Amino acid sequence: MSGDHGHRDSQVVSCGANGRETQKHRDKHKDKDHKHKDHKKEKGDKIKHSNSEHKEHSEKKHKDKEKLKHSNGGSDKHKEKQKDKDKKREEKSKSSHSEKPKKEKENGYVGETSPAAIKSEPEENNGFYPSPQHKPPKREYDDEEFENKPKKVKVELDKKAKKRKYEYEDDEEEEDVKHKKKSKDKKAAEGKKAKKEAEDKWKWWEEERYTDGSKWRFLEHKGPVFAPAYEPLPEKVKFYYNGKPMKLSPLAEEVATFFAKMLDHEYSTKDIFRKNFYKDWRKEMTSEEKSIITDLNKCDFSELNEYFKAQSEARKQMSKEEKQKIKEENERLLSEYGFCVMDNHKERIGNFRIEPPGLFRGRGDHPKMGMLKRRIRPEDVIINCSKDSKHPKPPPGAKWKEVRHDNKVTWLASWTENIQGSIKYIMLNPSSRIKGEKDWQKYETARRLKKCVDRIRTQYRDDWKSKEMRIRQRAVALYFIDKLALRAGNEKEEGETADTVGCCSLRVEHIKLFPKMDEQEYVVEFDFLGKDSIRYYNKIPVEKRVFKNLQLFLENKQPEDDLFDRLNTSILNKHLQELMDGLTAKVFRTYNASITLQQQLKELTCSDDSIPAKVLSYNRANRAVAILCNHQRAPPKTFEKSMQNLQTKIDEKQNQLSAARKQLKAAKANHKASHDDKSKKAVEVKRKAVQRIEEQLMKLQMQATDREENKQIALGTSKLNYLDPRISVAWSKKWGIPIEKIYNKTQREKFAWAIDMAEKDYEF
DNA sequence: GTTAGAACTTAGAAAAGCGACT
DNA sequence: AGTCGCTTTTCTAAGTTCTAAC
């Protein structure tokens with residue numbers, strides 16, 4: 001593992017201690033948060049104060065040794081800006097609320113009109129993209145590919161490239177068909193269809209990329225699908241206030257149903273959630289309702305809740321035909337709105353439905369949980385498409401907010417969401433060219449890092465000794481990012497989101513230093529909430545120099561002060577950019593994840609293992625990465641039970657095995673006695689049976705191990721986002737493992753480029 | 001150099017789908 | 001046919017990074 005230095009191995013092991021955050025822990029954090037907030041309320045003055053204190057102190061201490069450029073202004077400024085922004089936001093949301101026409105039938109449904117289907121290949125060559133009929137120039141995908149400033153790729157025709165196509169897809173089709181035991185006719189028809197589809201699959205990775213920063217030349221789509229209009233509750237389903245039935249106005253009723261649907265969820269018991277909901281609910285009430293409803297605790301939504309439960313029950317109980325009808329309708333919607341035409345190719349859209357209104361559910365202790373996520377109307381939506389395309393039609397009687405033609409971006413539609421004020425986008429599916437190219441490029445950047453990571457590591461180790469505080473901080477932070485695969489850690493606006501951190505935003509309270517712990521020296525304990533409020537807990541021994549630096553960074557700071565007070569992601573990334581073109585903090589995560597997979601696969605795969613055993617090895621390698629990246633999940637609710645079931649199966653199989661063995665023995669004895677052909681055959685039959693059962697048992701045991709080890713670990717995220725798929729493809733080719741064992745259909749679609757191009761000797 | 005906004009990737013939970021078993 | 005348990009798909013929140021404007 002040339003690019004990897006020793007620390008990785010210990011990491012994989014030591015990370016195993018990461019536990020999922022327990023309720024207790026969450027509560028602990030909550031308390032801390034309160035303290036924290038109270039403290040930070042006076043941040044404006046206090047920080048200045050404490051910072052200048054810190055400055056003074058530091059300067060006293062390191063005056064001669066260290067050049068301390070400390071800009072500390074901005075606290076007050078920041079506070080003011082913050083206020084301004086808040087005000088603006090409030091006004092914005094107020095106006096959007098009051099401007100909202102009270103009755104809008106067209107709100108939320110798709111136009112009835114169903115114009116001609118999207119042509120899958122437009123006749124005229126609208127863009128300048130080479131059409132598939134013209135043989136595309138083949139791309140070379142060696143290391144030099146995907147430089148940051150893309151160069152023109154040699155134009156060179158390759159007719160053979162087409163031959164080797166989609167072996168996997170074909171295999172699978174056949175398998176599927178066999179499995180379902182379709183009639184011969186159907187089988188033949190499907191086979192043909194599959195072939196045709198495979199032929200139509202476009203290998204964008206064999207074509208040139210745009211070099212001018214544009215993302216497409218031609219883009220045509222039908223616009224997003226809006227959430228269905230609100231259907232008022234039937235008369236008999238009643239909301240009660242203070243024990244008395246009360247008919248709500250449609251708007252207030254709709255918001256009430258959002259809450260009623262969540263009654264069984266823990267959310268609805270949380271104070272902040274209830275408070276936020278109540279506040280936003282009141283905004284939708286008529287003045288009369290407002291005057292009556294004054295206490296959320298006196299509201300009784302239970303009948304509403306039961307009504308929705310009954311409805312979903314009824315949906316489950318529907319007849320086959322009805323279900324089929326719904327399915328067909330969904331398919332129709334998908335085929336009409338789920339695709340677009342980008343540069344002569346029909347591409348799948350990732351999310352073609354606009355998010356329906358509801359109550360905001362943040363992750364972790366989110367200050368905005370329970371707020372009303374308002375309904376998006378066509379008037380809120382910006383459409384992006386090419387000028388010369390057939391523009392999407394807004395629903396009848398409605399208008400788009402804007403139609404623009406910006407081919408420097410990849411989105412088809414966007415709107416501004418009212419909780420954080422951020423923009424949401426309609427974009428293409430991961431299998432699309434535009435996403436795939438970017439993904440490929442990401443791994444190429446990580447591979448470039450592999451080539452220079454030794455140099456960078458030497459450099460940051462050197463920087464631990466720097467005279468400048470900011471450089472030492474940068475170097476220690478980078479070390480964490482590299483060694484522990486931490487995220488960059490941008491600053492976040494306080495009170496806007498849950499209190500989570502990444503590397504650069506770590507606070508004093510998130511680490512503990514132990515000069516000695518058990519057998520080890522210089523141990524750092526990390527305990528913080530990262531992205532999605534997932535707890536990161538880890539104890540690792542670090543080098544003495546790192547340890548000493550951390551002690552220095554901690555000096556004279558409060559628990560809620562930043563550990564790296566002279567560092568942020570922008571400074572860090574600027575530095576990284578100088579070390580390598582295209583290098584940013586997250587590249588380390590990609591690099592370390594992929595290199596770990598490759599190395600673990602090498603280590604764990606035994607050539608004479610069976611296929612299931614090899615797949616287990618693969619999953620274990622995948623797991624090592626997931627642990628490194630701290631990808632956790634809540635243990636499945638039925639975990640214990642499902643483990644038990646599996647164990648029962650194993651026990652049964654074991655009994656079967658001993659029975660089969662006994663029979664084999666008997667058959668052997670019989671054969672010894674009689675020496676005839678018949679008894680010989682019987683022995684063979686029994687021997688085979690034993691073998692088969694042994695295999696089955698192994699497989700079950702394998703499954704059990706895999707599942708047990710996977711209890712709290714989510715493999716999907718790393719598989720989908722961090723592991724260069726070519727490593728997996730190469731591995732599967734090398735060992736003759738069908739790719740279906742590693743990648744499901746969706747994943748194979750996303751990684752089609754890798755499946756097509758990686759050979760068994762591919763090296764990350 | 002700071003900050004806000006835009007664009008895009010990464011993330012886990014929940015819903016939906018589906019095959020095996022009863 | 002209905003239920004169960006697992007897998008896949010969908011959903012959308014929450015990150016990172018880049019850019020442009022001061």
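Model, not experiment: these values are computed from the prediction. Below, chain A is the first sequence line, B the second, and so on; all start at residue 1.
Listed nucleotides: B:dA7, B:dT2, B:dA13. Nearest to the side chain of A:Lys574: B:dT2. Candidate nucleotides C:dG5, C:dT10, B:dG12 were compared by shortest atom distance to the side chain of A:Thr717, and B:dG12 ranks first. Considering only the side chain of A:Thr410, B:dC8 comes nearest among B:dG12, B:dA14, B:dC8.
With respect to the salt-bridge test (charged N to carboxylate O, under 4.0 angstrom), the residues A:Glu329 and A:Arg332 qualify. With salt bridges taken as basic N to acidic carboxylate O contacts below 4.0 Å, one links A:Asp264 and A:Lys309. Contact check on A:Glu444 versus A:Arg447 returns a salt bridge, with a Lys/Arg side-chain nitrogen under 4.0 Å from an Asp/Glu carboxylate oxygen.
In this structure, CG of A:Leu723 is placed 15 Å from C1' of B:dT9, rounded to the nearest angstrom. The interatomic distance linking A:Asn384 (CG) with B:dA6 (C1') rounds to 13 Å, in whole Å. Going from atom CD of A:Gln644 over to atom P of C:dC4 covers 16 Å, rounded to whole Å. A:Asp264 has its CG atom 11 Å from the P atom of B:dA15, to the nearest Å. We find that NZ of A:Lys442 is positioned 8 Å from P of B:dT9, with the value rounded to whole Å. In this structure, the CD1 atom of A:Ile423 is 11 Å from the P atom of B:dC8, given to the nearest Å. Note: CE (A:Met369) to C1' (B:dA13) measures 15 Å, nearest angstrom. For A:Tyr443 and B:dT9, the OH to C1' distance is 11 Å, given to the nearest whole Å.
Regarding contacts with the backbone of B:dA6, every side-chain N or O of A:Ser414 stays at 4.0 angstrom or more from both OP1 and OP2. Distances shown here put every side-chain N or O of A:Lys745 at or beyond 4.0 Å from the OP1 or OP2 atom of C:dT8. Contact annotation: A:Asn744 reaches the phosphate of C:dT8 (side-chain N/O to OP1 or OP2, under 4.0 Å). In terms of phosphate contacts, A:Lys424 brings a side-chain nitrogen or oxygen within less than 4.0 Å of OP1 or OP2 of C:dA13. At the phosphate of B:dA11, OP1 or OP2 sits under 4.0 Å from a side-chain N or O atom of A:Arg589. Within the 4.0 Å cut-off from OP1 or OP2 of B:dT10, not a single side-chain nitrogen or oxygen of A:His631 is found. The phosphate of C:dG5 (OP1 or OP2) has a side-chain N or O of A:Asn645 nearer than 4.0 angstrom.
A:Tyr443 and A:Arg726 share no donor-acceptor pair across their side chains, judged by distance under 3.5 Å alone. Checked by atom type, the side-chain pair A:Gln632/A:Asn630 shows a donor-acceptor distance below 3.5 Å. Checking A:Ser214 against A:Lys408 by side-chain atom types alone, no donor-acceptor pair falls below 3.5 Å. Between the side chains of A:Asn573 and A:Gln577, not a single donor N or O lies within less than 3.5 Å of an accepting N or O. Using modelled atom types, one finds no donor on one side chain facing an acceptor on the other under 3.5 Å when comparing A:Asn407 with A:Ser386.
Within the 4.0 angstrom heavy-atom criterion, only backbone atoms of the sugar-phosphate kind lie near A:Tyr722; the bases stay farther away. Nucleic acid contact for A:Lys719: none, since no nucleic acid atom lies under 4.0 Å from a heavy atom of the residue. When heavy atoms are screened at a 4.0 angstrom cut-off, A:Lys323 is found touching no nucleic acid atom at all. Nucleic acid contact class of A:Arg315 (heavy atoms, under 4.0 Å, all strands): none. As judged by a 4.0 angstrom heavy-atom cut-off over every strand, A:Pro356 is placed among residues touching the sugar-phosphate backbone only.
The nearest heavy atom of DNA chain C to A:Lys373 and to A:Arg707 marks one nucleotide each, and the one closer to the 5' end goes with A:Arg707. Nearest-nucleotide mapping onto DNA chain B: of A:Lys649 and A:Trp411, the residue sitting toward the 5' end is A:Trp411. Residue order along DNA chain B, read from the 5' end via each residue's closest nucleotide, puts A:Ser570 first among A:Asp406 and A:Ser570.
Partner A:Tyr267 forms a ring pair (Phe, Tyr, Trp, His ring centres under 6.0 Å) with one of A:Phe258, A:Phe259, A:Phe273 and no other, that one being A:Phe273.
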Classify every nucleotide of nucleotides 14-22 of chain C by which part a protein heavy atom approaches to under 4.0 Å, writing B for the base, S for the sugar-phosphate alone and - for neither, in 5'-to-3' order. BSBBS----

